[in-house]
Every structure is written in structure tokens, then in C-alpha cells.
Amino acid sequence: DYSNDTAIASVRGPLSVSRRNLSASSSRANAIPTENIVSYASGTLATPNTGYFGGGLVPGAASTVDRIDYSNDTVTAPAKGPLSLARGYLGATGNADFGYFGGGMSPTYSTVDRIDYSNDTVAAAAKGPLSIARFGLGATGNSSFGYFGAGGAPDVSTVDRIDYSS
């Protein structure tokens, strides 16, 4: 609960399957508006009240993407379109229109997948790769760019920037 970060975290609805080493993205990150907005990329209505968890280990690598609804966080998260590759230890970021999941392991990948928030039932589209394959990376971004940094394979300090417009 962002309004009370000293309280004990409360359990909410489960993911579609148990897994670990996954990553998450949301259109609500980075002070993006909370009202429904029209996607500039697709001209369709975006879904700002949702978040996405992708990949992970089940114990083998998973390509599953689950969507949670912020207005009803006690129901089971439904599975949506899968990532292009099954992998864990990936990073994720996004803007108002899309979520980006990059890197990962099983084996080590440089793939960046893009999910479309306005049509999340289709498979994620593989986009340009990171500069090097790595896992256990972190990601952050703003409305224009996503940054994937560090990771292992072996340990690296590289930071890659992806331009959401291309």
C-alpha cells in the first residue's frame, strides 16, 4: 500500500501458476495518468489499471504473462498472451502503451519482448535485442525510453537504452 509503506504487506489474489524469478511491468508506472487514455501507438483505449507479470521459473522456464487488475486485486490473475521465449531472471519496464521484458536465462538471452496493453491476449512481439545476452538484470524507464542494466553472464555493468518509438 503506497499510502502506508510501514504496514505489513497484505496477500492478494494468486498468479495463474506458482513461479519465481519473474519480472513485472505496468502502464501506471512513472506518474502515467490514471484515467483511461487513448494509445498514441495503436489508437485504441489503453488499460492503465492493470499490471503484468511475465516469465519466471515453474521450476523450468515459463513464458506466461499474467495480468492483475488494480481495482480488484483479490481475484486470480488471468494468463494473457505469452512471451516469445520461456525464461526467468528477466527485467521489465514500460510506458503507457506497452510493456517490455528483456534478457533472461534458460539459456541466457538478449531478447526484448513487447506486450501491447490494449491487446494483451496475443503473444508478445520479439523486438530488437539487448547489446549482450544476460540474466538477473534490472530495468527502469520513462514515457520515451526503457533502460536495462547490469546482470550476469558473467557479471556486467552494461546499460542498454531502448527507444519506445522505434
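Panel note: side chain S106, backbone A61; no donor-acceptor pair is recorded below 3.5 Å. A donor-acceptor contact shorter than 3.5 Å links the side chain of R87 to the backbone of G103.
The nearest pair of heavy atoms linking P59 to L57 is O-CB, 3.4 Å. Of all heavy-atom pairs spanning L83 and G54, the tightest one is CD1-C, 4.0 Å. I115 approaches A124 most closely through the heavy-atom pair CG2-CB, 3.7 Å. When all heavy atoms are compared, the tightest approach of A126 to T111 is CB-CG2, 4.4 Å. Nearest heavy atoms, A139 versus T93: CB-CB, 4.1 Å.
Of the listed residues (Y70, F101, Y117), just one forms a ring pair (Phe, Tyr, Trp, His ring centres under 6.0 Å) with Y52, and that residue is Y117.
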Just list the side-chain donor-acceptor pairs under 3.5 Å for residues 146-161, sequence neighbours left out, or say none.
{"from": "D160", "atom 1": "OD1", "to": "S131", "atom 2": "OG", "distance (Å)": "2.8"}
{"from": "D160", "atom 1": "OD2", "to": "S131", "atom 2": "N", "distance (Å)": "2.8"}
{"from": "D160", "atom 1": "OD2", "to": "S131", "atom 2": "OG", "distance (Å)": "3.1"}
{"from": "D160", "atom 1": "OD2", "to": "R134", "atom 2": "NH1", "distance (Å)": "3.2"}
{"from": "D160", "atom 1": "OD2", "to": "R134", "atom 2": "NH2", "distance (Å)": "3.4"}

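Residue pairs meeting the salt bridge (charged side-chain N to carboxylate O under 4.0 Å, His left out) criterion with at least one partner in residues 141-154, sequence neighbours excluded, do not occur; the list is empty. The stretch residues 53-63 participates, sequence neighbours left out, in no salt bridge (charged side-chain N to carboxylate O under 4.0 Å, His left out) pair at all.
Taking the six-membered ring where tryptophan is involved, the planes of Y89 and F135 are perpendicular, since the angle between them exceeds 60° and thus also 30°.
Y109 and L137 are assigned to two separate hydrophobic clusters, defined by single-linkage of ILVMFWY side chains at heavy-atom distances under 4.5 Å.
Between atom CG of residue D116 and atom OG1 of residue T121 there is a gap of 9.5 Å, rounded to the nearest 0.5 Å. Atom OG1 of T108 and atom CD1 of I132 lie 10.0 Å apart (nearest 0.5 Å).
Residues passing the ring pair (Phe, Tyr, Trp, His ring centres under 6.0 Å) test with Y100 are Y164, sequence neighbours excluded. Residues passing the side chain to side chain donor-acceptor pair (under 3.5 Å) test with S144, sequence neighbours excluded: none.
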